[in-house]
2 protein chains.
Amino acid sequence: MPGSAVVAAETVGRVSLYRVLLSGLQQAGIKGVFSHQLSTSAGVSAAQVRRDIITLGYSGSPQHGYDVAELIESIDNFLDAPDGQNVALVGVGNLGRAVASYFAGRRPKLRLVALFDIDPEKSGRVICGVRCYPQEKITEVVRSERVSIVILGVPAPAAQAVADACVAGGARGILNFAPVALRVPPGVYVENLDMARSLEKVAYFARKAGG
Amino acid sequence: MPGSAVVAAETVGRVSLYRVLLSGLQQAGIKGVFSHQLSTSAGVSAAQVRRDIITLGYSGSPQHGYDVAELIESIDNFLDAPDGQNVALVGVGNLGRAVASYFAGRRPKLRLVALFDIDPEKSGRVICGVRCYPQEKITEVVRSERVSIVILGVPAPAAQAVADACVAGGARGILNFAPVALRVPPGVYVENLDMARSLEKVAYFARKAGG
DNA sequence: TAGATTGTTAATCGATTAACAATC
DNA sequence: TAGATTGTTAATCGATTAACAATC
């Protein structure tokens, strides 16, 4: 049964990238693709592309490679929940809003259903078509709106308390922009996305390479 | 000689996080710290914290652990260029602006000196105190402004051409938000930061964990 | 068929962790 | 000193890659 085995987080990330690349090929009218073509665009080895595709439960043929449309469908089945998933964003700052607008409409299976902010001027309003609640209501609204995914755009000192409130409401996944390791119970997945950290890595190696 | 050995990208990222955590401790008036304390906040093992600190060239003592102020200074010496580094942002959309405002003032050693956008309404103007140029001028301005780091906030189809122009101007590091593997010459460092990919990883595991 | 590609295994590689002697 | 921590080594772990037989 596909989906029942444990899949590495890295694999899921690569599959997500393959879908983006395949959509581009499809829009260009390309019907078939070989592993080494995806390999080049994704920046991984061809063997890994083939292994990832096997994980999806899809098979290619030695003569024609992989059918683009069918492979996209396999990835959809793998990545997307049939009924979609509800997403909330906590911390409606510049970053939070950019993230929200970045996703708006791109992935219809992920629905942004609630915003939260500590600023009373923001909570109570409707921003980008989504209602913004005060942060005290996180647990209540996460539960009532059946939010399974939370995007955490709050400052580091507030992150743990907000995460706790989200988990208490039933959230199972957190995309954490704050530079702290969140403590969460087993079964809750946390993905850290620290932009300052990434930029400092680039700065470091730009300097070392520049000699 | 510290800094001459090859250091893994993961190590640099962790060190960046340690600095953030240590700054928080320092502001709270805490003078000393043990490896297991940083270990908890950073979400890595204590042995790894100790090994990373050795990489910095700093030493603690078995009795007092590490001196917070001295450790921060060691990290500054490790991560920061003495004269700072110049940064450019290509693609002044919602995301780009959020990233720019996110960094403004936080890291004085990283100076945002130029923006680029394909939209003629943006180029020519001054946005957030930084001049915005048309994209045709990338190579020229990157060279004249001595930009070593580029934040790439353009759509995927444009990313490779923009990266090429930046590298031609002398850029040595790229923070790439576009979901494509950039081809760059040896000595140029690329860090990929794909938010859609991260969110889909969260969505996948939130679903699997939720049962 | 011939040949390039897929599916699959074994080998490699590197990072992380566990364990422990050295230290103050 | 006693004891907890640091510095350092060996072991573990897992992901990635290389290689090759199977396939159409």
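Every chain is numbered from 1 and lettered A, B, ... according to where its sequence line falls, protein lines coming before strand lines.
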A.B. asks: With sequence neighbours excluded, what pairs up with B:Q48 under the side chain to side chain contact (heavy atoms under 4.5 Å, CB included) test?
C.D. replies: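 Checked B:Q48 against side chain to side chain contact (heavy atoms under 4.5 Å, CB included); matches are B:R14, B:V44, B:S45, B:R51, B:D52.
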
A.B. asks: Consider only side-chain N and O atoms of A:N86 and A:R111, and report whether a donor and an acceptor are under 3.5 Å apart.
C.D. replies: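 Result is yes, a qualifying pair exists.
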
A.B. asks: Whom does D:dA15 pair with, Watson-Crick or G-U wobble, provided both distances fall under 3.5 Å?
C.D. replies: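 In the structure as shown, D:dA15 has C:dT12 as its Watson-Crick or wobble partner.
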
A.B. asks: In terms of the nearest nucleotide of DNA chain D, which residue is placed more toward the 5' end: A:T11 or B:I54?
C.D. replies: B:I54

A.B. asks: Using the closest heavy atom to pick a nucleotide of DNA chain D for each, name whichever of A:P62 or A:E10 lands nearer the 5' end.
C.D. replies: A:E10

A.B. asks: Tell me every residue that passes side-chain hydrogen bond (donor to acceptor under 3.5 Å, both in side chains) with B:E73, counting only those two or more places apart in sequence or in another chain.
C.D. replies: none

A.B. asks: Which base, if any, makes a Watson-Crick or G-U wobble pair with D:dA21, both distances under 3.5 Å?
C.D. replies: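 Matched D:dA21 with C:dT6 under the 3.5 Å cut-off.
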
A.B. asks: Taking all non-hydrogen atoms of both residues, which atom of A:D119 and which atom of A:D117 are closest, and how far apart?
C.D. replies: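 Here A:D119 and A:D117 meet closest at N-OD1, 2.9 Å.
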
A.B. asks: First contact, last contact: which nucleotides of DNA chain C are these for chain B, 5' to 3', heavy-atom distance under 4.0 Å?
C.D. replies: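 Using the under 4.0 Å cut-off, the span is C:dA15 to C:dC24.
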
A.B. asks: Let me know, please, whether A:Q63 or A:R50 comes out on the 5' side of the other along DNA chain C by nearest nucleotide.
C.D. replies: A:Q63

A.B. asks: Tell me what A:A8 touches on the nucleic acid: a base, only sugar-phosphate, or nothing, going by heavy atoms under 4.0 Å.
C.D. replies: sugar-phosphate

A.B. asks: Parallel, tilted or perpendicular for B:Y189 and A:F205, by the 30°/60° rule?
C.D. replies: parallel

A.B. asks: Scan residues 184-205 of chain B for pairs that pass salt bridge (Lys or Arg N to Asp or Glu O under 4.0 Å), counting only residues two or more places apart or in two chains.
C.D. replies: A:R19-B:E200, A:R107-B:E200, A:E191-B:K201, A:K201-B:E191

A.B. asks: Show me the pairs that pass salt bridge (Lys or Arg N to Asp or Glu O under 4.0 Å) and involve residues 26-47 of chain B, at least two apart or across chains.
C.D. replies: none

A.B. asks: From A:I72 CD1 over to A:L79 CG, what is the distance, rounded to the nearest 0.5 angstrom?
C.D. replies: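 Interatomic distance, A:I72 CD1 to A:L79 CG, rounded to 0.5 Å: 12.0 Å.
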
A.B. asks: So if I take residues 28-44 of chain A and measure heavy-atom distances to DNA chain C, which residues fall below 4.0 Å?
C.D. replies: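 Of all residues in residues 28-44 of chain A, the ones placing a heavy atom under 4.0 Å from DNA chain C are A:F34, A:S35, A:H36.
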
